[in-house]
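One structure is given below, encoded as structure tokens.
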Number of protein chains: 2
Amino acid sequence: MTDTETILKNTLVNFHKLTDAEFNDFLKITKFKKLKKKEFLLESGHYNPGILFITKGIIGLYEIINTKEVYTSFFLSSDFASEITSLASQKTSTKSMIAITDAEGFYIKRSDLLQLYDKSASFERLGRKLLEHLLSEQHKFTSMLTSLKPEDRYKYILKNNPELIKRIPLQYLASYMGVARETLSRIRKRSL
Amino acid sequence: MTDTETILKNTLVNFHKLTDAEFNDFLKITKFKKLKKKEFLLESGHYNPGILFITKGIIGLYEIINTKEVYTSFFLSSDFASEITSLASQKTSTKSMIAITDAEGFYIKRSDLLQLYDKSASFERLGRKLLEHLLSEQHKFTSMLTSLKPEDRYKYILKNNPELIKRIPLQYLASYMGVARETLSRIRKRSL
DNA sequence: TTCATTTTGTGACGATAGTCACATTATTCC
DNA sequence: GGAATAATGTGACTATCGTCACAAAATGAA
């Protein structure tokens, strides 16, 4: 098994135990994918959802709202980059996923993922647990947004997800935090 | 089958088809529960998670952040009121669920729910699909928060979830929207 | 029904974030 | 390496929101 495969396996198993055979089934439907910076993993208006287990780089998820790009998630190594609405609904996506740096990882097409769910209840359970985790995180993020003012949001992210502060371009991070880019620039200056 | 049971069945089936036998298994572990206004469905610090399928009334989910109650969700009829973090993690909850009006519905204990998942992959799938739906909604809510200013958030909720505007006390709604209660009071006045 | 309590409304004011304009750095790509 | 392009920084100003204090209204309990 390659290093990256081991990382993938550990990540999966962390959600739910898989047999070797099951893990191999998973690997089989996976395709190693490389993205250049600014390349799309998903383009709004298109229907090509899937999941990328990231082994290198960063993927950003954004949506155009009132002509502005609003970033709602960033995915780093060992994350499953996905857009849940189009994955779940079979509709074209209103959001886009783009490589913020060169990135690579294991890609699974939606159709293959669904087959996997049919094949074994283990995968279904893994999926459920992963979703529980993601929903829990998303709730945390939401209450952070509603209860903290911009500067405290910055400190919160610095503490809980310092990679984002280090690696995400300021303007994208600003939209993610719900502030103007100038405001984030000033917060950052004050926090030195 | 009673009226409320029919509503429950329709709601479940909307996520994933169940056989009559499966639905009966579900019903069996369910206990009809009534809550008086201000009664807790879950108390922070306690470990008693479960899900309430609401047939009447409203449940609110909140968390104390810097001595303030921050409401993060409201559940109405046909919703599954739950606190995903404690459901998924087996830890005591940092959040509380409280009846905002008198409320009632079908209650399922976490342990019974897990047994159900073991019993049949249908339930696991239902759970997965429900979670996908919830996560998708939560993402929508998050981007609404980050991209709209308070007055537009109010209009958004008025359009997409008018029941909340009508039925949730202003101060709770304000924390949910991430604004001071005075601000929401003024927004409401302007919007008449 | 009445009194106590809780919730909501409102004015004044200060703090803070947003906007616009432009300067300064970084980055990209020949 | 250097020009073009993109991203970030910064000042000035404005709009908006939060806070505090208190009034009014609604709700709940006896």
Side-chain angles (χ1 to χ4, degrees), chain A residues 35-40 57-58 60 62 64-71 74 98-103 143-158 164-192, chain B residues 35-40 57-58 60 62 64-71 74 98-103 143-158 164-192:
Chain A
L35 292 163
K36 285 275 168 212
K37 182 172 176 175
K38 299 207 171 165
E39 203 176 325
F40 285 101
I58 307 177
Y62 72 86
I64 305 287
I65 302 182
N66 302 331
T67 76
K68 280 188 184 162
E69 286 180 4
V70 177
Y71 277 82
F74 300 107
I98 194 166
I100 287 182
T101 64
D102 287 1
S143 53
M144 188 275 281
L145 281 177
T146 52
S147 66
L148 302 184
K149 49 183 82 160
E151 184 147 2
D152 293 332
R153 288 180 211 163
Y154 181 82
K155 288 178 187 157
Y156 177 90
I157 295 172
L158 192 59
L164 295 189
I165 303 287
K166 278 185 225 139
R167 301 175 66 194
I168 306 292
L170 179 140
Q171 57 182 329
Y172 303 158
L173 198 57
S175 79
Y176 177 71
M177 293 171 54
V179 300
R181 57 175 194 77
E182 294 92 336
T183 300
L184 180 53
S185 175
R186 288 174 181 121
I187 289 173
R188 181 197 263 177
K189 189 185 177 190
R190 285 202 296 273
S191 304
L192 287 183
Chain B
L35 293 162
K36 285 275 171 212
K37 182 173 177 175
K38 298 207 171 164
E39 202 175 328
F40 285 102
I58 307 178
Y62 71 87
I64 305 287
I65 302 183
N66 302 328
T67 75
K68 280 188 183 163
E69 286 180 3
V70 178
Y71 276 81
F74 299 107
I98 193 166
I100 287 183
T101 65
D102 287 1
S143 54
M144 188 275 281
L145 281 177
T146 54
S147 66
L148 302 184
K149 48 183 81 159
E151 184 147 1
D152 292 332
R153 288 180 211 162
Y154 180 82
K155 287 178 186 157
Y156 177 91
I157 295 171
L158 192 58
L164 296 189
I165 302 287
K166 278 185 226 138
R167 302 177 64 195
I168 307 292
L170 180 139
Q171 54 183 331
Y172 303 158
L173 198 58
S175 78
Y176 177 71
M177 292 171 55
V179 300
R181 59 174 192 77
E182 293 92 336
T183 300
L184 180 54
S185 175
R186 289 176 180 120
I187 289 173
R188 183 198 262 176
K189 189 184 176 190
R190 285 202 296 274
S191 304
L192 287 181

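Treat the numbers as computed from the prediction; the structure is a model and nothing was measured. Naming: A, B, ... by sequence-line order, numbering from 1 per chain.
- Applying the side-chain contact (heavy atoms from CB on, under 4.5 Å) criterion to B/I65, with sequence neighbours excluded, gives A/S143, A/S147, B/E63, B/V70.
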- Would you write out the dot-bracket form of DNA chain C, 5' to 3', with Watson-Crick and G-U pairs under 3.5 Å, [ ] for crossing pairs, | for pairs to other strands and . for unpaired bases? ||||||||||||||||||||||||||||||

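- Taking CD1 from A/I58 and OH from A/Y172, the interatomic distance works out to 11.0 Å, rounded to the nearest 0.5 Å.
- Nearest heavy-atom pair, A/V179 versus A/R153, reported as atom, atom and distance to 0.1 Å: CG1-NH1, 4.0 Å.
- From B/T146, atom OG1 reaches atom CE of A/M177 across 11.0 Å, with rounding to the nearest 0.5 Å.
- When the options B/Y71, B/Y62, B/F74 are evaluated for a ring-ring contact (aromatic ring centres under 6.0 Å, His included) with B/Y176, the one that passes is B/F74.
- Contact check of residues 175-191 of chain B against DNA chain D (heavy atom, cut-off under 4.0 Å) returns B/G178, B/V179, B/A180, B/E182, B/T183, B/R186.
- Per the geometry, CG belonging to B/L170 stands 11 Å off P belonging to C/dT7, to the nearest Å.
- Considering only heavy atoms from C-beta on, B/I100 stays 4.5 Å or farther from B/K37 through its side chain.
- Listed by first and then second residue, the salt bridge (charged side-chain N to carboxylate O under 4.0 Å, His left out) pairs that reach into residues 171-183 of chain B come to none, sequence neighbours excluded.
- The separation between A/D102 atom CG and C/dT27 atom C1' is 14 Å, rounded to whole Å.
- The OH-P distance, from A/Y154 to C/dT16, rounds to 18 Å in whole Å.
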Tabulate atom names and distances for all N/O pairs under 3.5 angstrom spanning the protein and nucleotides 13-15 of chain C.
none

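- A/T101 places no side-chain N or O within donor-acceptor distance of the main-chain N or O of A/G57, the cut-off being under 3.5 Å.
- C/dA17 atom C1' lies 14 Å from atom CG of A/D152, rounded to whole Å.
- With sequence neighbours left out, B/E39 forms a side-chain contact (heavy atoms from CB on, under 4.5 Å) with B/L35, B/K36.
- Residues satisfying the ring-ring contact (aromatic ring centres under 6.0 Å, His included) test with B/Y156, not counting sequence neighbours, are none.
- Put simply, chain A comes within 4.0 Å of DNA chain D, heavy atom to any atom, from D/dA7 to D/dA12, going 5' to 3'.
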Under 3.5 Å donor-acceptor pairs involving side-chain atoms of residues 184-192 of chain A, not counting sequence neighbours:
from, atom 1, to, atom 2, distance (Å)
A/R190, NE, A/E151, OE1, 3.1
A/R190, NH2, A/E151, OE1, 2.9
A/S191, OG, A/I187, O, 2.9

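- Within the 4.0 Å cut-off from OP1 or OP2 of C/dT28, at least one side-chain nitrogen or oxygen of A/K37 is found.
- In this view, A/R167 and A/E163 satisfy the salt bridge (charged side-chain N to carboxylate O under 4.0 Å, His left out) rule, not counting sequence neighbours.
- Here A/I165 pairs with A/Y154, A/I157, A/L158, A/L173 under the side-chain contact (heavy atoms from CB on, under 4.5 Å) rule; sequence neighbours left out.
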